[in-house]
Amino acid sequence: MKRLSSLAKRLKQNFASGMSFIEIHGNQELVLSGCKRIIDYNTDKLSCYTLSGYLTVEGKSLQVDIFSGDILTVYGIISGVYLNSDGNC
């Protein structure tokens, strides 16, 4: 829970702007603030609705580590990240 608290503080300013914030660490971790809901999730693909549109993460062994409020963290081998603001996943 301590990790979530420090992450929430760090991302608070970005959320206040009304836009999503995506942070990618190498190809193994993605942190997103502004996640409204997860649409589809399995170990190869995650799709979610964000403040900025639809986000799709593709890869292998994907795991959602944190999904609390509007914060989402995903671990695994990330091979692609796609943001589509026109409403299509």
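All values below were derived from every heavy atom in this structure, side-chain atoms included, with hydrogens, water molecules and symmetry-related copies excluded.
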query = Step by step, would you call Y54 with I39 a side-chain contact (heavy atoms from CB on, under 4.5 Å)?
reply = CA-CA 9 Å; Y54 287 95; I39 299 165; 3.1 Å; yes

message = Let's go through Y75 and T73 carefully: what are the C-alpha distance in whole Å and the side-chain angles of both, what is the deciding distance for side-chain contact (heavy atoms from CB on, under 4.5 Å) to 0.1 Å, and is it a yes or a no?
response = CA-CA 7 Å; Y75 289 95; T73 63; 4.2 Å; yes

request  = Only counting residues at least two apart or in another chain, list the ones meeting side-chain contact (heavy atoms from CB on, under 4.5 Å) with S52.
outcome  = M19, S20, T50, L83

task = Could you tell me the separation between the SG atom of C48 and the CZ atom of R37, rounded to the nearest 0.5 Å?
result = 10.0 Å

inquiry  = Could you measure the distance from the CG atom of N84 to the OG atom of S47? Nearest 0.5 Å is fine.
reply    = 10.5 Å

remark   = Sorted by chain and residue number, the side-chain contact (heavy atoms from CB on, under 4.5 Å) partners of Y41 (sequence neighbours excluded) come out as I38, L46, Q63, V64

query = With side chains defined as the heavy atoms from C-beta onward, is the minimum distance between V74 and E29 less than 4.5 Å?
reply = no

message = Would you compute the distance between atom NE2 of H25 and atom CD1 of I78 and round it to the nearest 0.5 angstrom?
response = 9.5 Å

ask   = Under a 4.5 Å cut-off applied to non-hydrogen side-chain atoms, are S61 and T43 in contact?
value = no

task = Would you give the length of the straight line joining atom CG of L72 to atom OG of S33, rounded to the nearest 0.5 angstrom?
result = 10.0 Å

request  = Could you tell me which residues satisfy side-chain contact (heavy atoms from CB on, under 4.5 Å) with I22, sequence neighbours excluded, listed by chain and number?
outcome  = I24, L30, L32, L55

ask   = So which heavy atom on D44 is nearest to which on K60, and how close?
value = OD1-CA, 4.1 Å

remark   = Between L51 and K36, the two heavy atoms sitting closest are CD2-CE, 3.2 Å

